[in-house]
Amino acid sequence: MGKKVEHPLDILREELQQTNVALKCAYDKFNYVTEPELVEASIYEISALKARYSYLLRCIKEQEPAARSGVSLAAVAASAGKGGPVCPV
């Protein structure tokens, strides 16, 4: 009765989906609020969620070729050489 271990790529895809739902909710909130402080807060929330979405999408794109070819994800991350942070596995 072992616990099913999810593939890191599946976890990233699930997080991307959750972030997409949160982004849609944030846009709905932005369209609903009228107080200037709440409008500003909604803008910051949307901005943060868009940044998270972009990050997760980049991580997925970087890891998908490795998952298809069977190459170690750590090896791909180490060889990426883009100078940015390595996406968590």
Side-chain angles (χ1 to χ4, degrees):
M1 305 222 167
K3 191 175 190 181
K4 182 182 176 192
V5 178
E6 285 191 67
H7 190 277
L9 203 49
D10 293 335
I11 294 170
L12 286 173
R13 287 183 183 131
E14 178 63 30
E15 287 185 34
L16 186 71
Q17 177 62 28
Q18 291 172 358
T19 302
N20 191 34
V21 170
L23 189 56
K24 287 178 183 178
C25 290
Y27 274 114
D28 288 344
K29 187 189 316 181
F30 173 78
N31 291 327
Y32 178 74
V33 298
T34 57
E35 294 295 321
E37 295 88 0
L38 295 178
V39 170
E40 185 176 2
S42 293
I43 291 169
Y44 282 114
E45 183 179 5
I46 290 168
S47 179
L49 287 166
K50 286 172 72 174
R52 178 172 176 76
Y53 188 91
S54 294
Y55 169 77
L56 291 169
L57 191 59
R58 187 180 78 242
C59 288
I60 290 169
K61 286 181 179 181
E62 288 174 357
Q63 293 182 11
E64 274 186 336
R68 280 190 237 124
S69 66
V71 176
S72 165
L73 295 178
V76 171
S79 66
K82 291 188 177 180
V86 176
C87 299
V89 178

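When reading the values below, keep in mind they use all heavy atoms of this one structure, side chains included, and skip hydrogens, waters and symmetry mates.
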### Query
Are Ile46 and Lys50 close enough, and set up right, to give a side-chain contact (heavy atoms from CB on, under 4.5 Å), and what steps lead you there?
CA-CA 6 Å; Ile46 290 168; Lys50 286 172 72 174; 3.7 Å; yes

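Residues Tyr55 and Leu23 do not share a hydrophobic cluster, clusters being chains of Ile/Leu/Val/Met/Phe/Trp/Tyr side chains in contact below 4.5 Å. Connection of Tyr53 to Phe30 is not established within any shared hydrophobic cluster, with ILVMFWY side chains joined at heavy-atom distances below 4.5 Å, either directly or through further cluster members. There is a path of hydrophobic side-chain contacts, each under 4.5 Å, that joins Val33 to Leu49.
Ser47 contributes no side-chain N or O that, together with a main-chain N or O of Ile43, makes up a donor-acceptor pair within less than 3.5 Å. Between the side chain of Asn20 and the backbone N or O of Leu16 there is no donor-acceptor pair closer than 3.5 Å.
With rounding to the nearest 0.5 angstrom, the CD atom of Glu14 is 11.0 Å from the CG atom of Leu12.
Gln63 places none of its side-chain heavy atoms less than 4.5 Å from the side chain of His7.
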